[in-house]
Novice: 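Before I ask anything, let me first share the structure, which is written out below as structure tokens.
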Amino acid sequence: MTRKLALLLPLAMMASGAFAQNVLINGAGATFPYPMYSKWFDEYHKKFPTLQFNYQSIGSGGGIQQVTQGTVDFGATDGPMNDKQLMDFQEKRGNGVLHFPTVMGAVVPVYNIAGVTAQLNFTGEALAGIFLGTITKWNDPMIAKANPGVNLPGNDIVVVHRSDGSGTSYIWVDYLSKVSKDWETKVGRGTSVNWPVGLGGKGNEGVSGQVKQTPNSIGYVELIFARQNKMPFGKVKNAAGVFVEASLASVTADAAGAVKEIPDDFRVSITNSPGKESYPISSFTWLLVPSKIQDATKKKAIADFVKWMLTDGQAMATALDYAPLPKPVVAKELKAIAKIQ
Amino acid sequence: MTGSLLLWRRKAVNIAMLTVTGMCTVVAAGILIFILGYLFIHGAASLNWNFFTKLPTPVGETGGGMANAIVGSAKLLLIASFIGIPIGFLAGVYLSEFGEGVFAFAVRYVTDLLNGVPSIVMGIFAYTIIVLPQKHFSTWAGGIALGVMMIPIAVRSSEEFLRAVPKALREGSMALGASRAQAIFTVVIPAAKNGIITGVMLNIARVSGETAPLLFTSFSNRYWSEGLNQPTASLPVMIYTYAVAPYEDWHQQAWSAGFVLLTLVLGVNVFARLVLARNRHVAR
Amino acid sequence: MGITFLCAFSILAITAYLVWELWINSVLPRHQFGFNFLRTQTWDPVAGQFGALPFIYGTLVTSAVALVIAVPLGVGSAVFLAELAPPALSDALAFLIELLAAVPSVIYGLLGIFILVPGLRIIEPYLKAVLGWTPLFSGPFYGVSLFSAGVVLSVMIVPFIISISREVIRAVPNDQREAALALGATRWETVWDAVLPFASRGIAGSIFLALARSLGETMAVTMVVGNDPKIKASLLAPGYSIAAVIANEFTEATGELYTQSLIELGLVLFALTVIINGAARLMMAASERGKV
């Protein structure tokens with residue numbers, strides 16, 4: 001035991017003493033923007049070596065919860081906080097929380113159907129029906145109608161959804177709520193919901209793994225994820241009635257369609273927004289920053305980072321397959337930084 | 001005729017059942033060999049020096065390591081040992097030397113309960129009593145969660161080894177005029193030293209692989225954790241996050257980390273059990 | 001000497017504090033749902049409906065599957081090691097098997113995701129061909145399931161059963177064996193009729209201890225159970241366990257009621273393990289007394 005202590009102590013001291021002037025800022029939340037954030041925080045650390053942004057991707061629900069409890073300095077989420085969550089935050093912390101959109105992403109339906117290689121078209125009603133459990137066979141007319149010429153099998157559909165609280169789920173069910181009254185009343189919106197059918201996978205990885213390995217299954221993952229893993233994903237019918245494939249361009253188009261109505265607190269859903277080229281299941285992803293930060297060093301570091309992220313940082317987005325923010329949003333956010341106090 | 005048939009059947013059953021038990025053993029032992037082999041092939045293949053010296057890199061950049069997680073695990077175990085071992089050991093002394101009556105029964109019973117507390121529940125406990133009031137995740141919180149988990153095992157193993165010390169030793173030293181306390185601390189405990197050290201090592205090895213209590217206490221950290229008030233990376237949590245993440249490169253790192261962790265844990269086990277075995281042999 | 005008493009006392013204090021913390025931090029769901037928390041099946045964070053039954057069910061079923069596999073395997077090995085194997089081989093194998101108990105849970109999970117689940121997909125058609133007529137093995141199989149979790153758990157608990165049972169069987173007095181052999185019993189009959197009945201309480205105790213362990217197992221189960229809070233008859237369907245839902249949702253739960261419901265689940269799990277541990281202790285104590 002003593003020998004073990006003698007071995008460990010110097011290690012512990014080294015880790016505690018050597019970097020005393022560093023500032024560590026903890027953040028947690030959404031998994032979808034994690035590659036982007038880890039790149040940004042790494043670049044920012046290289047620029048300012050004493051600033052360490054420690055971001056852990058525990059899920060959007062976790063981001064909201066932990067920033068509300070005050071256990072992390074900032075949160076991150078793919079679904080904006082709802083009014084009740086904002087009230088909880090106000091009650092617990094005595095101040096508000098600011099939403100800063102960082103980049104945009106899309107959620108796509110991925111599927112694995114034996115013998116089908118064509119890219120499938122999905123209407124919103126069909127997706128809602130499948131996830132509600134009212135459409136159970138692949139050759140259901142609701143699906144077949146949108147896919148003339150594709151020979152769909154009569155097998156049962158296996159639905160795969162996220163098991164963890166997830167912003168990806170939020171975007172997905174937010175879209176389903178907009179296109180289906182049934183979905184809105186029976187299930188509703190949230191980072192985790194009571195799924196009527198299907199099995200759960202943890203994370204994008206869990207869902208795509210299930211879909212890949214389960215014949216006749218359908219699930220939903222982030223566009224980047226589907227691309228990196230070379231999974232087939234379907235086109236989705238947008239509000240203008242066009243089947244659109246998700247891409248950085250169609251996501252940006254979707255945001256442009258919604259940009260006029262962006263409120264001052266940036267809490268806005270851009271799913272199913274108008275425009276012929278819009279991909280309908282798109283969303284911002286947000287940083288959650290408390291409006292009041294006691295520690296002056298941390299306050300400055302976070303405010304400076306947000307500013308850098310909106311300017312230099314945006315230029316790195318496309319290289320990592322994220323859609324950068326529309327210019328008017330950036331301009332509006334730069335003004336909002338002053339609200340961090 | 002029927003008699004010999006019966007005998008034949010009895011013999012056949014005998015051989016069949018004995019074979020079945022043998023096969024059970026082969027399966028059980030085979031699983032371990034398989035696990036070790038698989039981890040060795042998968043983990044060692046992608047293991048390199050960077051793993052021990054570098055910090056994790058951002059997603060998509062290769063070449064990072066888990067140096068901070070290794071140090072983090074060491075710090076967590078250090079705190080845990082400082083909490084769990086003295087309390088557990090001294091309570092074990094109490095039970096072995098004065099362990100009669102209702103109070104001792106209660107302590108033994110509750111120690112068993114504490115040992116049975118699922119590790120995830122221990123995580124909730126540390127989160128509500130340390131992380132929430134302090135408003136931040138910390139190495140302390142994780143270390144304390146692990147430390148509480150160490151207590152019951154420390155109690156049990158030290159009590160057992162102290163009890164194994166022959167009565168004659170105690171009585172002899174007390175006959176020579178030593179007080180009860182002197183007898184315990186100068187004669188009994190030194191006599192049980194090997195066993196106690198073995199227990200301590202196995203205890204540390206056991207909690208070193210615990211993941212669930214750390215998820216919401218020590219959290220994780222991309223960088224070096226300074227002091228004990230910051231969240232820290234640790235090997236088991238890194239294995240978990242890297243295994244369920246969608247990046248092939250991370251899966252490789254998870255295997256490497258799994259290999260390193262398993263080698264450490266099993267190494268300590270083999271070493272400690274060989275000491276233990278030698279000790280037992282002498283005692284008999 | 002006071003300090004040793006103090007340390008012993010602190011164990012009582014810590015445990016009491018733990019139970020107290022869990023209790024006061026789960027007032028809301030108790031207040032709102034009462035016993036229905038344990039009886040209802042809906043787990044709907046959006047609507048604020050929390051029923052624990054699917055998790056309790058999943059926890060018990062995965063542990064049951066684990067026992068069905070691990071008990072014959074474990075007791076069989078213990079018999080072989082204690083009664084048949086030459087002592088040197090027995091010690092070496094027992095040593096190896098005890099090492100299995102030391103492998104961290106997260107590593108079992110790692111192996112579970114990347115080896116066991118793909119492996120079960122290959123075995124599944126054969127499993128169904130043999131057992132598919134029962135509702136337990138009907139329906140589609142996706143790889144992750146209650147059954148997969150049970151298999152991982154069985155590997156994790158088998159070492160406990162083997163090492164304790166082996167000790168217990170070894171401790172059976174030799175007269176028992178000699179008497180049976182002298183009456184002309186075969187080796188197996190001796191074990192079955194004379195040794196095992198003598199050791200049965202100790203073996204049962206080891207099984208309860210293993211059960212307590214598997215109920216609270218978290219990481220490995222989370223990684224392979226499928227994480228779906230529904231109660232289905234088939235073992236091949238995905239399920240959920242108490243420990244897994246806490247690990248998945250605790251840092252993510254938004255709102256007091258949700259968090260507190262998870263803490264109450266923790267309390268339920270604690271209560272379950274307390275009961276099982278108590279039973280194990282009683283069995284072991286009875287077996288000690290039986291030995292004389």
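When reading the values below, keep in mind they use all heavy atoms of this one structure, side chains included, and skip hydrogens, waters and symmetry mates. Throughout, protein chains are lettered first and strands after them, A, B, ... in sequence-line order, and every chain is numbered starting at 1.
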Novice: Show me the pairs that pass side chain to side chain donor-acceptor pair (under 3.5 Å) and involve residues 82-111 of chain B, at least two apart or across chains.
Specialist: Glu97(B)-Arg170(B), Arg108(B)-Glu159(B)

Novice: More than 12 non-hydrogen atoms from neighbouring residues, nucleotides or ligands closer than 6.0 Å to CZ on Phe114(C), yes or no?
Specialist: yes

Novice: For Phe9(C), is it the side chain, the backbone, both, or neither that has a heavy atom closer than 4.5 Å to a heavy atom of chain B?
Specialist: both

Novice: In Å and rounded to the nearest 0.5 Å, what is the CZ to CG distance from Arg213(C) to Asn115(B)?
Specialist: 6.5 Å

Novice: Which heavy-atom pair separates Thr128(B) from Glu21(C) by the least distance, and what is that distance?
Specialist: OG1-OE1, 3.6 Å

Novice: Tell me, with the steps shown, if Phe98(B) and Phe5(C) meet ring-ring contact (aromatic ring centres under 6.0 Å, His included).
Specialist: CA-CA 9 Å; Phe98(B) 317 97; Phe5(C) 174 80; 9.6 Å; no

Novice: With a 4.5 angstrom heavy-atom cut-off, which part of Leu95(B) approaches chain C: side chain, backbone, both or neither?
Specialist: neither

Novice: Under 3.5 Å, which donor-acceptor pairs link side chains of residues 26-37 of chain B to any protein atom two or more places apart or in another chain?
Specialist:
none

Novice: Indicate the atoms forming the closest heavy-atom contact of Leu113(B) with Phe270(C), along with that distance.
Specialist: O-CE1, 4.5 Å

Novice: Are the side chains of Phe250(C) and Ile120(B) in contact, using a 4.5 Å heavy-atom criterion?
Specialist: no

Novice: Please classify the contact of Ile242(C) with chain B as side chain, backbone, both or neither, using a heavy-atom distance under 4.5 Å.
Specialist: neither

Novice: Above 12 or not: heavy atoms from other molecules or residues under 6.0 Å from CE of Met23(B)?
Specialist: no

Novice: Could you tell me the separation between the CD1 atom of Ile87(B) and the OG1 atom of Thr4(C), rounded to the nearest 0.5 Å?
Specialist: 13.0 Å

Novice: Does any backbone or side-chain atom of Pro86(B) lie under 4.5 Å from a heavy atom of chain C? Answer side chain, backbone, both or neither.
Specialist: backbone

Novice: Thr218(C) versus chain B, heavy atoms under 4.5 Å apart: side chain, backbone, both or neither?
Specialist: side chain

Novice: Should Ser105(C) and Thr211(B) count as side-chain neighbours, where that means a heavy-atom distance under 4.5 Å?
Specialist: no

Novice: Asn269(B) and Ala102(C): which non-hydrogen atoms are nearest, and at how many Å?
Specialist: ND2-CB, 3.4 Å

Novice: Which bit of Tyr38(B) is near chain C, if near means a heavy-atom gap under 4.5 Å: side chain, backbone, both or neither?
Specialist: side chain

Novice: Working note: Val110(B) + Leu12(C), criterion side chain to side chain contact (heavy atoms under 4.5 Å, CB included); need CA distance, chi angles, decisive distance, verdict.
Specialist: CA-CA 6 Å; Val110(B) 171; Leu12(C) 301 185; 3.5 Å; yes

Novice: Could you point out which residue of Leu235(B), Val207(B), Leu264(B), Leu261(B) forms a side chain to side chain contact (heavy atoms under 4.5 Å, CB included) with Pro104(C)?
Specialist: Leu261(B)

Novice: What's the spacing between Leu22(C) CG and Ile124(B) CD1 if we round to 0.5 Å?
Specialist: 6.5 Å

Novice: Using non-hydrogen atoms and a 4.5 Å limit, figure out which bit of Thr190(C) sits close to chain B: side chain, backbone, both or neither.
Specialist: neither

Novice: Distance check, rounded to the nearest 0.5 Å: Leu114(B) atom CG versus Ile11(C) atom CD1?
Specialist: 7.5 Å

Novice: If I compare all heavy atoms of Gly76(C) with all of Thr21(B), which pair ends up nearest, and what's the gap?
Specialist: O-CB, 3.3 Å

Novice: Quick check on the structure: residues of residues 79-86 of chain C within a heavy-atom distance below 4.5 Å of chain B, by number.
Specialist: Val79(C), Phe80(C), Leu81(C), Leu84(C)

Novice: Need one label for Leu18(C): side chain, backbone, both or neither, based on atoms under 4.5 Å from any heavy atom in chain B.
Specialist: both

Novice: Name the region of Tyr127(B), side chain, backbone, both or neither, that has any atom closer than 4.5 Å to a heavy atom of chain C.
Specialist: side chain

Novice: Under 4.5 Å from any heavy atom of chain B, what part of Val155(C) do you find: side chain, backbone, both or neither?
Specialist: side chain

Novice: Which heavy atom of Val107(B) sits nearest a heavy atom of Ala8(C), and at what distance?
Specialist: CG2-O, 3.8 Å

Novice: Looking only at atom types and distance, does a side-chain atom of Ser77(C) sit under 3.5 Å from a main-chain N or O of Cys24(B), one as donor and one as acceptor?
Specialist: yes

Novice: Side chain, backbone, both or neither: which part of Pro159(C) has a non-hydrogen atom closer than 4.5 Å to chain B?
Specialist: neither

Novice: So which part of Ala243(C) gets closer than 4.5 Å to some heavy atom of chain B, the side chain, the backbone, both or neither?
Specialist: both

Novice: Where on Val237(B) is there a heavy atom nearer than 4.5 Å to chain C: the side chain, the backbone, both, or neither?
Specialist: neither

Novice: If you measure from CD1 on Ile14(C) to CD1 on Ile129(B), what distance do you get to the nearest 0.5 Å?
Specialist: 9.0 Å

Novice: Which atoms of Phe89(B) are under 4.5 Å from chain C, going by heavy atoms: the side chain, the backbone, both sets, or neither?
Specialist: neither

Novice: For Tyr17(C), enumerate each residue passing the ring pair (Phe, Tyr, Trp, His ring centres under 6.0 Å) test, keeping only those at least two apart in sequence or located in another chain.
Specialist: Phe125(B)

Novice: So which part of Arg206(B) gets closer than 4.5 Å to some heavy atom of chain C, the side chain, the backbone, both or neither?
Specialist: side chain

Novice: Chain B heavy atoms under 4.5 Å from Leu93(C): which part of the residue, side chain, backbone, both or neither?
Specialist: side chain

Novice: Minimum heavy-atom separation for Leu110(C) to Ala243(B), with atom names?
Specialist: CD1-CB, 3.4 Å

Novice: Which region of Ile184(B), side chain (C-beta onward) or backbone (N, CA, C, O), has a non-hydrogen atom less than 4.5 Å from a non-hydrogen atom of chain C, or is it both or neither?
Specialist: side chain

Novice: To the nearest 0.5 Å, how far apart are CE in Met219(C) and CD in Glu210(B)?
Specialist: 10.0 Å

Novice: Could you please spell out the steps behind the side chain to side chain contact (heavy atoms under 4.5 Å, CB included) verdict for Val103(C) and Val265(B)?
Specialist: CA-CA 7 Å; Val103(C) 176; Val265(B) 169; over 6 Å; no

Novice: With a 4.5 angstrom heavy-atom cut-off, could you sort out which part of Leu6(C) is near chain B: side chain, backbone, both or neither?
Specialist: neither

Novice: Is Ile151(B) in contact with chain C via its backbone, its side chain, both, or neither, using a 4.5 Å heavy-atom distance?
Specialist: side chain

